[in-house]
Engineer: 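If you scroll down you'll find the structure; I have some questions about it.
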Protein chains: 2
Amino acid sequence: MAEPAGISSLTLNRLSVYLRCLRQLQDSDVTHVSSSQLAQQFELSAALIRKDLAQFGEFGIRGTGYRVDDLVESLIKVLGLDRAHNLAVVGLGSLGSALARYLSINDKPFRIVAAFDVDGRKVGHKIGHLTIHHSREIREIIPQTGAQIAVLSVPESAAQRCYDDLADCGIKAVLNFAPVQLKQAPSVRTKSVDFQINLEELAYFLSS
Amino acid sequence: MAEPAGISSLTLNRLSVYLRCLRQLQDSDVTHVSSSQLAQQFELSAALIRKDLAQFGEFGIRGTGYRVDDLVESLIKVLGLDRAHNLAVVGLGSLGSALARYLSINDKPFRIVAAFDVDGRKVGHKIGHLTIHHSREIREIIPQTGAQIAVLSVPESAAQRCYDDLADCGIKAVLNFAPVQLKQAPSVRTKSVDFQINLEELAYFLSS
DNA sequence: ACCGACTTGTGAACGATCTCACAAGCACGA
DNA sequence: TCGTGCTTGTGAGATCGTTCACAAGTCGGT
């Protein structure tokens with residue numbers, strides 16, 4: 001497509017936002033849109049939209065703007081959402097289960113292919129059509145499943161151990177929900193989604 | 001304490017991380033720590049730790065480092081975690097319930113004082129010791145509860161409507177979990193925690 | 001075929017954020 | 001009391017991210 005040189009997280013995250021907004025336009029049967037229209041409607045920056053997109057190619061038509069369908073398709077390709085991604089979910093507490101449920105509903109490109117927990121009452125049972133394995137079997141089972149991404153939703157105390165196991169057995173990316181500062185493995189792309197930190201930021205603003 | 005001039009989100013989020021790390025040291029009975037020790041042990045930047053802290057005062061002792069207990073206490077004060085914060089939870093699907101449960105377990109400074117959902121089967125029932133109200137009563141009930149922060153975990157289609165209601169009835173901060181680009185109210189400090197965007201970022205790196 | 005209205009893509013200015021490197025300061029022992 | 005060794009707090013510089021402003025390009029009407 002274009003130049004896959006070091007793209008920043010911020011740009012990538014905005015691409016996801018753009019894609020989301022464009023899909024909303026598709027639903028309203030809008031066929032063409034300019035960067036400034038997008039910016040106004042969704043409270044974004046027009047210049048930034050153009051700069052972000054420019055890093056991957058020329059998707060627009062000068063004088064006209066962007067064809068919504070085309071841009072959606074391009075963004076899907078850029079983000080790698082045109083192929084399936086196999087996920088492993090580790091930790092099926094209430095949060096892990098909620099995430100698993102969410103991922104099953106969506107016919108998105110993400111598909112759960114393995115599930116793990118330490119709770120003896122859960123192991124052996126099914127979540128959807130998937131058997132839950134004990135977390136100590138991570139290293140053994142993951143390689144058989146083709147999972148490349150893991151969703152880590154275990155308690156703080158277990159997070160680092162599970163993370164290391166995942167890294168060891170060839171997982172390429174981890175989305176971590178545990179409120180800990182993980183010691184990262186160089187072979188694993190790691191992102192944390194931290195509820196608590198965000199809440200604490202809001203607390204700061206309310207007491208100042 | 002010190003200067004409450006425009007502190008960036010990045011700094012604030014790191015303060016939460018530092019606090020977390022320091023508490024871990026407390027648990028290991030470490031009493032003193034230097035910025036470089038912290039940095040090494042938790043994969044942070046020593047200079048950045050000092051710069052971040054310096055924005056709020058002088059907490060360290062030259063030649064010695066920081067007293068762990070003192071710094072924990074200072075950070076708690078800075079972040080506003082020394083007083084209680086009342087939360088409203090809107091949307092009690094699997095994610096909302098998981099969050100509510102998490103917030104109840106922790107004797108943290110966050111306390112749920114109101115809960116809302118649109119599901120008739122849930123309204124009137126209890127979550128913990130709290131009665132669930134219908135979402136259409138948000139404007140009426142929130143002011144009676146003293147809630148200043150709302151956790152928004154409703155489906156995409158309802159998010160903007162609930163957000164506007166919350167803004168209207170005096171909520172000062174919203175932590176949004178719905179995968180939408182919200183049209184923000186100027187009176188409300190808003191943060192989004194977006195699972196999907198983070199997953200898509202990981203997908204990008206796996207297919208490039 | 002040309003003009004005018006519009007939009008993209010992009011260098012250059014600006015601003016925010018992080019790293020470097022060191023002066024200022026503290027603790028401890030001689 | 002002084003010197004050594006260590007660490008903080010901080011200006012100065014480097015890097016990264018965003019906004020500005022405009023040349024280059026497209027379209028539709030005349």
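Letters A, B, ... mirror the listed sequences (proteins, then strands); counts begin at 1. The basis for the numbers below is simple: all heavy atoms, side chains too, and nothing from hydrogens, waters or symmetry mates.
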Engineer: What integer distance in Å separates B/Gln37:CD from D/dT7:C1'?
Structural biologist: 10 Å

Engineer: If you count every heavy atom of other residues, nucleotides or ligands that lies below 6.0 Å from A/Arg136 atom CZ, does the total exceed 12?
Structural biologist: no

Engineer: Between A/Thr11 and A/Ile61, just flag the one whose closest nucleotide in DNA chain D comes earlier from the 5' side.
Structural biologist: A/Thr11

Engineer: Whole-Å distance between C/dA13 P and A/Leu48 CG?
Structural biologist: 20 Å

Engineer: Kindly indicate whether the side chain of B/Lys51 and the base of C/dT19 share any N or O donor-acceptor pair separated by less than 3.5 Å?
Structural biologist: yes

Engineer: How close or far is atom C1' of D/dC16 from atom CG of A/Leu10, stated in whole angstroms?
Structural biologist: 10 Å

Engineer: Any ion pair linking B/Lys191 and A/Glu201 (charged N to carboxylate O, less than 4.0 Å)?
Structural biologist: yes

Engineer: Is any side-chain nitrogen or oxygen of B/Tyr66 closer than 4.0 Å to OP1 or OP2 of D/dG9?
Structural biologist: yes

Engineer: Judged by modelled atom types alone, do B/Gln148 and B/Asn86 share a side-chain donor-acceptor pair under 3.5 Å?
Structural biologist: no

Engineer: How long is the line joining CD of B/Glu58 and C1' of D/dT7, in whole Å?
Structural biologist: 13 Å

Engineer: Quick one: A/Ile49 CD1 to D/dC20 C1', roughly how many Å, whole number?
Structural biologist: 16 Å

Engineer: Do B/Arg62 and D/dT8 have a side chain to base donor-acceptor pair shorter than 3.5 Å?
Structural biologist: yes

Engineer: Is A/Arg50 close enough to D/dT19 that one of its side-chain N or O atoms is under 4.0 Å from OP1 or OP2 there?
Structural biologist: no

Engineer: When the nearest nucleotide of DNA chain C is assigned to A/Ala47 and to A/Thr64 on a heavy-atom basis, which residue is associated with the more 5' position?
Structural biologist: A/Thr64

Engineer: Would A/Tyr163 and A/Asn176 count as a side-chain hydrogen bond (donor to acceptor under 3.5 Å, both in side chains) here? Give the steps.
Structural biologist: CA-CA 9 Å; A/Tyr163 178 85; A/Asn176 170 50; over 6 Å; no

Engineer: Over how many whole Å does the gap from B/His32 atom NE2 to D/dC6 atom C1' extend?
Structural biologist: 14 Å

Engineer: Check whether any side-chain nitrogen or oxygen of A/Ser45 sits under 4.0 Å from OP1 or OP2 of D/dT18, and answer yes or no.
Structural biologist: no

Engineer: Considering every strand and a 4.0 Å limit on heavy-atom distances, what is the contact class for A/Ser36: base, sugar-phosphate, or nothing?
Structural biologist: nothing

Engineer: Given the side-chain rings of A/Phe177 and B/Phe195, with only the six-membered ring counted for Trp, is the space between their centroids under 6.0 Å?
Structural biologist: yes

Engineer: Could you state the atom-to-atom distance from CZ of B/Arg67 to P of D/dT7 in whole Å?
Structural biologist: 18 Å

Engineer: Quick one: B/Leu53 CG to D/dG9 P, roughly how many Å, whole number?
Structural biologist: 7 Å

